[in-house]
Asks: 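Sending over a structure as structure tokens; questions will come in a sec.
This structure is a prediction, so every number in the text was calculated from the model and none was measured.
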Amino acid sequence: MNSEDKKTKLRHLIREHSLLQGEAFTLASGETSQYYFNMKNTTFHPEGSLLLSDLILGLLEPYSVDSIGGLEMGAVPIAAAVTCRSSQKGQPITGFFVRKQTKEHGTKALIEPNQPVGTRVAIIEDVTTTGASALQAVDAVKEAGCEVSVIITLVDREEGAKEAFAGRNLPFHALFHASDFNISAT
């Protein structure tokens with residue numbers, strides 16, 4: 001299956017399993033919306049995780065990253081799927097996640113597993129709105145001495161994330177935009 005067919009199939013899965021409409025939803029940004037992408041229904045779907053992994057690996061090719069991850073919880077299933085698929089394709093990329101708060105026991109780590117200084121990372125998100133969650137992950141990995149090569153999201157709600165990333169000179173790619181689902185960015 002070629003990339004366009006994979007993308008079409010993934011868009012269908014997102015529409016069928018993850019796009020919720022018809023009531024007021026509170027977003028991570030604090031805003032309310034008449035639609036919501038509950039991406040766990042797609043990222044934990046067997047076919048969904050395979051399709052998104054292949055599409056993300058295609059986007060990563062020009063960046064030669066060492067590791068992929070992002071802010072818990074949305075990035076976790078995506079990073080896990082991509083790391084597994086990258087190994088199957090003979091080009092292994094490790095994964096990580098950034099906690100919203102430093103762990104208070106054990107290693108007391110903010111980033112799990114620890115990423116060595118100089119690691120080239122891709123930040124992944126399931127849905128972007130303003131970009132604040134991805135930028136929280138960016139700041140954490142940069143503070144740990146890593147280099148952020150690119151930010152990738154499954155769905156961009158088209159509500160400021162692209163501009164926020166551009167303002168920090170961070171390359172950004174979205175597999176889909178809210179407008180791809182014939183809904184307005186409200």
Asks: Using 0.5 Å steps for rounding, measure from the SG atom of Cys146 to the CG atom of Asn114.
Replies: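 Nearest 0.5 Å value for the SG-CG distance: 8.0 Å.
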Asks: Hydrophobic clustering (ILVMFWY, side-chain heavy atoms < 4.5 Å, transitive) - are Ile78 and Tyr63 grouped together?
Replies: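 Yes, Tyr63 connects to Ile78 through the hydrophobic network.
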Asks: Which distance, rounded to the nearest 0.5 Å, do you find between the CG of Leu175 and the NZ of Lys6?
Replies: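 The NZ atom of Lys6 is 12.0 Å from CG of Leu175, to the nearest 0.5 Å.
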Asks: Would you say the ring centers of Tyr35 and Phe181 fall short of 6.0 Å from each other?
Replies: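 No, the ring centres sit 6.0 Å or more apart.
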Asks: So, Thr42 side chain and Gly48 main chain: donor-acceptor pair closer than 3.5 Å or not?
Replies: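 Not a single qualifying donor-acceptor pair exists.
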Asks: What is the minimum heavy-atom distance between Ala79 and Gly69, and which atoms define it?
Replies: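 Smallest heavy-atom distance, with atoms named: CB-CA, 4.1 Å.
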Asks: Would you check if the side chain of Ser87 reaches a backbone N or O of Cys84 as a donor-acceptor pair within less than 3.5 Å?
Replies: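 Not a single qualifying donor-acceptor pair exists.
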Asks: Quick check for you: to the nearest 0.5 Å, what is the distance between Lys162 atom NZ and Phe172 atom CZ?
Replies: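 Here the interatomic distance stands at 8.5 Å.
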Asks: Between Lys100 and Leu71 (side chain of the first, backbone of the second, donor and acceptor by atom type, cut-off under 3.5 Å), is there such a pair?
Replies: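 Here the side-chain-to-backbone pair does not exist.
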Asks: Tell me whether the count of non-hydrogen atoms from other residues, nucleotides or ligands lying under 6.0 Å of CD in Gln91 goes above 12.
Replies: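 Result for CD/Gln91: open.
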Asks: Please determine whether the number of non-hydrogen atoms from other residues, nucleotides or ligands lying under 6.0 Å from atom NZ of Lys40 exceeds 12.
Replies: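 More than 12 heavy atoms, drawn from other residues, nucleotides or ligands, come within 6.0 Å of this atom.
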Asks: At what distance, to the nearest 0.5 angstrom, does CG of Leu55 lie from NE2 of His173?
Replies: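 The CG atom of Leu55 sits 13.0 Å away from the NE2 atom of His173.
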Asks: Can you hop from Val155 to Val76 via hydrophobic side chains spaced under 4.5 Å?
Replies: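 In one cluster: no.
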Asks: Side chains of Val141 and Phe96, heavy atoms from C-beta outward: is any pair under 4.5 Å?
Replies: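 Yes. Closest side-chain heavy atoms under 4.5 Å.
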Asks: Search all heavy atoms of Asp5 against all heavy atoms of Asn2 and return the closest pair with its distance.
Replies: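 That would be N-OD1, 2.7 Å.
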Asks: Within the 4.5 Å heavy-atom criterion, are Thr153 and Phe176 side-chain neighbours or not?
Replies: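 Result no, sub-4.5 Å side-chain heavy-atom pair not found.
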Asks: Just so I know, are the side chains of Leu110 and Val98 near enough to count as touching, which here means a heavy-atom distance under 4.5 Å?
Replies: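 Of all side-chain heavy-atom pairs linking Val98 with Leu110, at least one is under 4.5 Å.
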Asks: Check whether any side-chain N or O of Thr32 sits under 3.5 Å from a backbone N or O of Phe25 as a donor-acceptor pair, and report yes or no.
Replies: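 Checking the backbone N and O of Phe25 against the side chain of Thr32, no donor-acceptor pair under 3.5 Å is found.
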Asks: Would a hydrophobic clustering, with Ile, Leu, Val, Met, Phe, Trp and Tyr connected at side-chain separations under 4.5 Å, put Val138 with Ile111?
Replies: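 They do share one cluster, since a chain of ILVMFWY contacts under 4.5 Å joins Val138 to Ile111.
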Asks: Side chain of Arg99, backbone of Ala109: donor and acceptor closer than 3.5 Å?
Replies: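 Side chain of Arg99 to backbone of Ala109, a donor-acceptor pair under 3.5 Å: yes, one is there.
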Asks: How close do Thr130 and Ala164 get, heavy atom to heavy atom, and via which atoms?
Replies: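 Of all heavy-atom pairs spanning Thr130 and Ala164, the closest is O-CB, 3.6 Å.
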Asks: Just jot down the side-chain hydrogen bond (donor to acceptor under 3.5 Å, both in side chains) partners of Lys142, sequence neighbours excluded, or say none.
Replies: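 Lys142: no side-chain hydrogen bond (donor to acceptor under 3.5 Å, both in side chains) contacts found.
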Asks: Indicate if Val117 and Ile93 have the same hydrophobic cluster label, given that clusters are the connected sets of ILVMFWY residues with side-chain heavy-atom separations under 4.5 angstrom.
Replies: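 No, separate clusters.
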Asks: Give me the atom names and distance for the closest heavy-atom approach of Gly58 to Pro62.
Replies: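 So the two residues come closest at O-CD, 4.1 Å.
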Asks: Is Ser53 close to Val82 at the side-chain level, that is, under 4.5 Å between some pair of heavy atoms?
Replies: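 Of all side-chain heavy-atom pairs linking Ser53 with Val82, at least one is under 4.5 Å.
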Asks: Just wondering, do Leu27 and Tyr36 contact through their side chains at under 4.5 Å, heavy atoms?
Replies: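 Heavy-atom side-chain distance check passes, below 4.5 Å.
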Asks: Roughly how far, to the nearest 0.5 Å, is the CD atom of Gln88 from the OG1 atom of Thr83?
Replies: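 With rounding to 0.5 Å, OG1 (Thr83) is 10.0 Å from CD (Gln88).
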Asks: Would you indicate whether the side-chain heavy atoms of Phe37 and Asp126 approach each other to under 4.5 Å?
Replies: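 The answer is no, as the side chains (C-beta and beyond) never meet within the 4.5 Å cut-off.
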Asks: Does the side chain of Thr129 pick up a donor-acceptor pair with the side chain of Glu31 at under 3.5 Å?
Replies: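 Thr129 vs Glu31: no donor-acceptor pair found between side chains.
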Asks: Indicate yes or no for a side-chain donor-acceptor contact from Asp66 to the backbone of Thr119 under 3.5 Å, with no hydrogens or angles considered.
Replies: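 Side chain of Asp66 to backbone of Thr119, a donor-acceptor pair under 3.5 Å: no, none is there.
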Asks: Hydrogens and angles aside, do Asp156 and Thr128 bring a side-chain donor and acceptor to less than 3.5 Å of each other?
Replies: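 Yes - a donor-acceptor pair under 3.5 Å links their side chains.
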Asks: Donor-acceptor pair, distance only, cut-off 3.5 Å: does the side chain of Asp54 make one with the backbone of Leu51?
Replies: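 No: the side chain of Asp54 does not pair with the backbone of Leu51.
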Asks: Examine distances only and state if a side-chain atom of Glu125 and a backbone atom of Gly74 form a donor-acceptor pair shorter than 3.5 Å.
Replies: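 No, because the side chain of Glu125 does not come within donor-acceptor range (under 3.5 Å) of the backbone of Gly74.
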Asks: List the atom of Pro171, the atom of Ser149, and the distance in Å for their closest heavy-atom pair.
Replies: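 Smallest heavy-atom distance, with atoms named: CG-O, 3.4 Å.
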Asks: Do Leu154 and Leu19 sit in one hydrophobic cluster, given that two such residues count as connected whenever their side-chain heavy atoms are within less than 4.5 Å of each other, even indirectly?
Replies: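 Linked within one cluster.
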Asks: Nearest 0.5 angstrom please: Ser179 OG to Arg157 CZ, how far?
Replies: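 Rounded to the nearest 0.5 Å, the OG-CZ separation comes out at 12.0 Å.
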Asks: Please examine the side chains of Ile68 and Ile56, heavy atoms only from C-beta on, and report whether any two atoms are closer than 4.5 Å.
Replies: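 With C-beta onward as the side chain, the pair touches.
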Asks: Considering non-hydrogen atoms only, spot the tightest contact between Gly131 and Ala161 and give its length.
Replies: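 So the minimum-distance heavy-atom pair works out to N-CB, 3.6 Å.
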Asks: Determine the sole option in Leu50, Leu10, Leu13 for which the side chain to side chain contact (heavy atoms under 4.5 Å, CB included) test with His45 is passed.
Replies: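 When side chain to side chain contact (heavy atoms under 4.5 Å, CB included) is applied between His45 and each of Leu50, Leu10, Leu13, only Leu13 qualifies.
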Asks: Could you check whether any side-chain N or O of Gln115 sits under 3.5 Å from a backbone N or O of Ser67, counting only pairs where one atom can act as donor and the other as acceptor?
Replies: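 Answer holds: no.
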